[in-house]
Protein chains: 2
Amino acid sequence: MKTYYCDLEISLEVIGGKWKGLILYHLIKGPKRTSELKKLVQSISQKMLIQTLRELETDGLIHRETYKQVPPKVEYSTTELGQSLEPMLRALCSWGGDYAEKTFSEGEYQILSVE
Amino acid sequence: MKTYYCDLEISLEVIGGKWKGLILYHLIKGPKRTSELKKLVQSISQKMLIQTLRELETDGLIHRETYKQVPPKVEYSTTELGQSLEPMLRALCSWGGDYAEKTFSEGEYQILSVE
DNA sequence: CGGCATCCAATTGGATACTG
DNA sequence: CAGTATCCAATTGGATGCCG
C-alpha cells in the first residue's frame with residue numbers, strides 16, 4: 001500500500017518531474033502532434049519526450065490518438081482530468097513571468113515564445 | 001543569457017524538482033525548524049532536505065533564521081515571494097486528494113497526516 | 001541540533017542507430 | 001513521422017562520519 005503524508009505528494013508524483021507539467025501545459029492549450037511538442041520544448045530529448053508522454057497517458061492525464069496512415073500521425077490531447085489542471089498551470093505560468101521580472105536583470109534572460 | 005520558451009519553465013525551475021514544492025508548502029503553513037521539516041517529509045534524506053532548503057533560500061522563496069544558542073536552533077519561514085505561491089500549492093494539494101479518490105482503489109493507498 | 005564532506009549506488013537522461 | 005533499443009555519461013541521492 002502506498003503511503004503519502006500530504007495530498008500534495010500525490011500531485012507532485014503525477015505532474016512533478018522535469019517535463020510533465022510543461023508538456024501537459026502545452027497540451028492544455030490544444031492537441032499537438034509529437035513533432036509539434038518537440039518544437040515547443042526544444043531542450044527535451046526525443047527519448048524523454050516519449051517517456052514523459054507515456055507517463056502522462058498512464059496516469060490518465062492525456063490521450064493518445066493514432067491515425068493509421070503513412071507516414072504515421074499521432075496526436076496527443078488532454079483528458080478531462082488533465083484539463084482540470086489548467087487553472088493551476090496557468091497561474092504557475094503567470095507567476096513565473098512575474099518572478100523573472102522581479103528577480104532577473106535585464107539582458108540576463110529572454111523568453112522566446114514559439115506558439 | 002538564459003533562454004526560456006515558456007514562462008512555466010521559469011516556475012518549474014524554481015519550485016520544480018522532487019522536493020521544493022513540498023517543503024515550500026509546509027513552510028507556507030507556518031515557520032518550521034529543520035527537525036520539524038524532516039518529520040513532515042519523512043522520506044527525504046537529511047542531505048536533500050538541507051540542499052533543497054538552500055536552493056529555496058537562494059531563489060528568495062524562504063528565509064533562514066539562526067538563533068545563536070546551544071544547542072543550535074534554526075527556523076525557516078517563507079518570504080513574501082514564497083508565500084505568494086500559496087493559492088497554487090493549495091489548489092494542487094486539493095487536486096491531488098481528488099485525483100487519489102478518483103484513481104486509486106480503496107486500500108491501495110493511505111494518507112498519514114503528520115500535522 | 002543543524003549542517004557539511006565524502007564515498008558510492010541508483011537513477012536519469014543524452015547520442016546514436018534502427019524499425020515500421 | 002513516430003517510436004524503440006542500446007550504450008554510456010551525468011546527475012541524483014543515500015549512508016556514514018565528523019564538526020561547532
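Proteins come first, then strands; the chains are lettered A, B, ... in the order of their sequence lines, and each starts at number 1.
At a cut-off of 3.5 angstrom, the base of dC4(C) holds at least one donor-acceptor pair with the side chain of Q46(B).
Residue Q42(B) comes nearest to K38(B) through the heavy atom pair O-NZ, 3.1 Å, listed as atom of the first residue, atom of the second, then distance.
Residues I50(B) and T34(B) form a side-chain contact, since some pair of their non-hydrogen atoms from C-beta on lies under 4.5 Å apart. At a threshold of 4.5 Å between non-hydrogen side-chain atoms, the residues I23(A) and L27(A) count as touching. Looking only at side-chain heavy atoms (C-beta outward), L22(B) and L89(B) stay at 4.5 Å or farther from each other.
Of all nucleotides listed (dG14(C), dC7(C), dC1(C)), dC7(C) comes nearest to the side chain of K47(B). Distances from the side chain of K18(B) to the nucleotides dG13(C), dG20(D), dG13(D) place dG13(D) closest. Closest to the side chain of T34(B), out of dA2(D), dG3(C), dC1(C), is dG3(C). In this structure, of dG3(C), dG3(D), dC1(C), it is dG3(C) that holds the atom nearest to the side chain of V74(B). When each of dA15(D), dG2(C), dA2(D) is scored by its nearest atom to the side-chain atoms of S35(A), the top-ranked nucleotide is dA2(D). For I50(B), whose side chain is taken as the heavy atoms from C-beta onward, the closest listed nucleotide among dC4(C), dT4(D), dA15(C) is dC4(C).
Between the CD atom of E75(B) and the P atom of dC1(C) there is a distance of 16 Å, given to the nearest Å. When the C1' atom of dG13(D) is taken as reference, atom CH2 of W19(B) falls 10 Å away, rounded to whole Å. The nearest whole Å value for the distance from the NZ atom in K39(A) to the P atom in dA2(D) is 9 Å. Rounding to whole angstrom units, CD of residue E65(A) and C1' of dA2(D) are separated by 15 Å. Distance CD1 (I44(B)) to C1' (dG3(C)): 14 Å, rounded to an integer number of Å. Put simply, CE on M48(A) is 13 Å from P on dA15(C), counting in whole angstrom units. Atom-to-atom, CG of L49(A) to C1' of dA15(C) comes out at 16 Å; the value is rounded to the nearest Å. Protein atom CG of L53(B) is 14 Å distant from nucleotide atom P of dG13(D), rounded to whole Å.
In this structure, K20(A) contributes its side chain and V14(A) its backbone to a donor-acceptor pair below 3.5 Å.
Using a 4.0 Å heavy-atom cutoff across all strands shown, Y76(B) reaches sugar-phosphate atoms only and no base atom.
OP1 or OP2 of dG2(C) lies within a sub-4.0 Å distance of a side-chain N or O belonging to R33(B). Remark: R54(A) is in phosphate contact with dG3(D), judged by side-chain N or O atoms under 4.0 Å from OP1 or OP2. Within the 4.0 Å cut-off from OP1 or OP2 of dG3(C), at least one side-chain nitrogen or oxygen of R64(B) is found.
For residues 94-104 of chain A, the set of pairs meeting the salt bridge (charged side-chain N to carboxylate O under 4.0 Å, His left out) definition, not counting sequence neighbours, is empty.
For the pair P72(A) and Q51(B), nearest-nucleotide mapping onto DNA chain D gives the more 5' position to P72(A).
At its two ends the helix from dC1(C)-dG20(D) to dG20(C)-dC1(D) runs along axes set 50° apart, each axis drawn from five pairs and the angle rounded to 10°.
Atom CD of Q83(A) sits about 8.0 Å away from atom CG of L24(A), to the nearest 0.5 Å.
Between Y99(A) and F104(A), the ring planes are perpendicular. Angles over 60° get that label, and only those under 30° would be called parallel.
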